[in-house]
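Report on the following structure.
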Amino acid sequence: MVRVDGGGDGALIRVREVDKVYVRGGEAIHVLQNLNLDVERGEFVAFMGPSGSGKTTLLNLLGGLDVPTEGSITVAGDEITAMSGRILAEWRARHVGFIFQMFNLIPVLTAFQNVELPLLLTRLSKRERREHVETALDLVGLADRMDHYPRQLSGGQEQRTAIARAIVADPTFLLCDEPTGDLDRHSAGEVLGLVDRLVHEHGKTVLMVTHDPRAAETAHVVLHLEKGVLVEAGR
Amino acid sequence: MKHLPLLWANLKRRKARTLLTLGSFAVALFLFGVLAAIQIAFNQGIEVAGVDRLVVRNRTSLIQPLPFAYRQRILQIPGVREVTFATWFGGVYQEERNFFPQFAIDTPTWREVYPEFVVPPEQWEAFVKDREGCVVGEGTARKYGFKVGDRVPIMGTVWSGLWEFTVHGIYTGKRQEDDVSQFWFHYSYLDERRPFWKGLVGWYVAKVADPDRAVLVARAIDERFANSPYETSAETEKAFAAGFVKQVGDIQTLILSIGAVVFFTLLLVTGNTMAMSVKERTGEIAILKSIGFSDVTVLGLVLAEGLLVATIGGGLGVAGAKAFTLRGDPTGGMLPLFYFPPLDMVKGMLLALGIGTASAIWPAVYAMRLRVVDALRRA
């Protein structure tokens, strides 16, 4: 169960009194303020809110890409806010799968090679890596496109490749930043269906930032961010 | 090794730029190889100079002769074990561009003083017996197709007229660096036929008993002939060869200067290319980091990219230079010993790898320090 009052001690993800302040041109901008959040394993949480409300910043903090000004974030018992850069990179490789709005595939690598990237950081053999990549691409329905370059794929296929890359190393949770923001309605539906399958059939924990109410509807819980404060929990 | 496809894909990203960078390395390393071969050719005499040999020439200049009678007087100086002599002939074979050094030598003593030159005994015997005989270095023999038994006409330039010789021997060197371009014939034949400078020789070479005393023996030789019509200048063969090279110019400095300018330019060009290449990939580097590639891994990937370019381009250049030098002296006789030794090939590759690393350091550090959040926002 998702809580925003700081009371879920056994949660997979625990955010405690997190502040994030940027200083621009001598002015302090409070992007997140005293934020508390608990997410259980297997939950699908959507974050909504206007531009500049701090959604992406929250996602970056949860993924260990940025550090809070104050407060702590703990994932599966590991306090990531206390980790050094190298440890944090290792932690990301093991625990986090990112899915971006712009897909962010490497254009000079094939779908197979893009999906294989996270596995290059593991001790898996070449054969094992191939098996994992084929499984992931099969799961997203792109087994027959593994030798295609991103420019040879449609937007929806690119995003599904990105999803395969995010799940190939079997991370603890997925962070999706506007995953349907650059897709047509049909492709967006396919991607959301895929994310839904990952949650319900594979037990993945997913945290998703979106502007799209239809995308938010697929989540178990919708949280609203308003000027850096989690103001409402829905569903 | 598992990152190789990623490195390779990055190189293929802009093929023209990669080819130009590889070409820069290849051209620079090719030049390095050729310059190294030229330097070896110029320093050949210094490198192979015998530590126990003194060159005794006319004090005025090398082209001024010395009396034949000096041989016995030099032999009498304590510390001198053997003395031989030679005279520069300076002829051409068939046409002027066919140049190789011809020496009229003192046949009985020559091999004792120059043991590094090897002639089969039966060939030497045949040469000794024939007044018009000659022995040719294997390099010159190969170049002009001379074989034992051939008649070789040489057009004299100092002593005019056509001089014909019969090839009785082909000599080889014990070491790769030994000069195998010379053409030897009997001094007695030259002295008999030439119209002037009879009884004079070009220079003497004295073999000393103790190399540690070579300088003292040289001084004693010069003192012996001081205030005579033919004063001498004796020095170790190494010093003589070094002085000879110096007459051409400071080759070492010239080559070093050219090499330094070329490699510094290469560093700037490849450094700029690497920087542009990494800047263009800011977003992709951020993605790699978000996936879990550490800062150090990203640093290593960019450095490896620079090293890969250097290895391929440098390897092509070194291989090209080796192939070029395998064809031998490209000047038709000015650089008889023209080769690119393995040690210099290794030095060239190390230099290329150094440039590759240096050119990638700044972009690699930039990539390492890149903050994912900032880079993603920019991408």
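Being a predicted model, the structure only gives us computed values, none of them experimental. Numbers restart at 1 for each chain; the letters A, B, ... are given by sequence-line order, proteins then strands.
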Identify which part of B:Arg371 has an atom lying under 4.5 Å from any heavy atom of chain A, answering side chain, backbone, both or neither.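 The side chain, not the backbone.
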
With a 4.5 angstrom heavy-atom cut-off, is it the side chain or the backbone of B:Leu6 that approaches chain A, or both, or neither?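 Looking at B:Leu6, backbone and side chain both touch chain A.
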
Would you mind telling me which of A:Pro107, A:Gly63, A:Gly85 has the largest number of heavy-atom pairs within less than 4.5 Å of chain B?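 Heavy-atom pairs under 4.5 Å are most numerous for A:Pro107.
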
Which residue out of A:Arg165, A:Glu116, A:His95, A:Glu90 racks up the most heavy-atom pairs below 4.5 Å with chain B?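 Most heavy-atom pairs under 4.5 Å with chain B: A:Arg165.
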
Taking all heavy atoms of [X] and all of [Y], pick out the closest pair and write down the distance.
X        : Y        : value
A:Phe100 : B:Ser290 : CZ-OG, 3.8 Å
A:Leu65  : B:Val373 : O-CG2, 3.3 Å
B:Pro5   : A:Gln113 : CB-NE2, 3.9 Å

Please determine whether the number of non-hydrogen atoms from other residues, nucleotides or ligands lying under 6.0 Å from atom [atom1] of [X] exceeds 12.
X        : atom1 : value
A:Met102 : CE    : no
A:Glu70  : CD    : no
B:Arg17  : CZ    : yes
B:Phe264 : CZ    : no

Region of [X] in contact with chain B, defined by heavy-atom distances below 4.5 Å:
X        : result
A:Arg94  : neither
A:Asn60  : side chain
A:Thr122 : backbone

Nearest 0.5 Å, what's the CG-CG distance between B:Asp374 and A:Asp66?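 If I round to the nearest 0.5 Å, the distance is 8.0 Å.
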
Drop me the distance from A:Leu109's CG to B:Arg13's CZ, to the nearest 0.5 angstrom.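 Here the rounded value is 8.0 Å.
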
Partner of B:Ile291 by side-chain contact (heavy atoms from CB on, under 4.5 Å), out of A:Leu117, A:Leu119, A:Leu120: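 The option that passes is A:Leu117.
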
Can you confirm whether B:Lys2 sits close enough to A:Leu124 that some side-chain heavy atom of one is under 4.5 Å from a side-chain heavy atom of the other?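 Counting from C-beta outward, B:Lys2 and A:Leu124 never come under 4.5 Å.
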
Does some side-chain heavy atom of A:Asp177 sit less than 4.5 Å from a side-chain heavy atom of B:Leu376?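 Side-chain contact under 4.5 Å: no.
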
Flag, side chain of A:Arg86 to backbone of B:Ser294, donor-acceptor distance under 3.5 Å: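 No; zero donor-acceptor contacts below 3.5 Å.
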
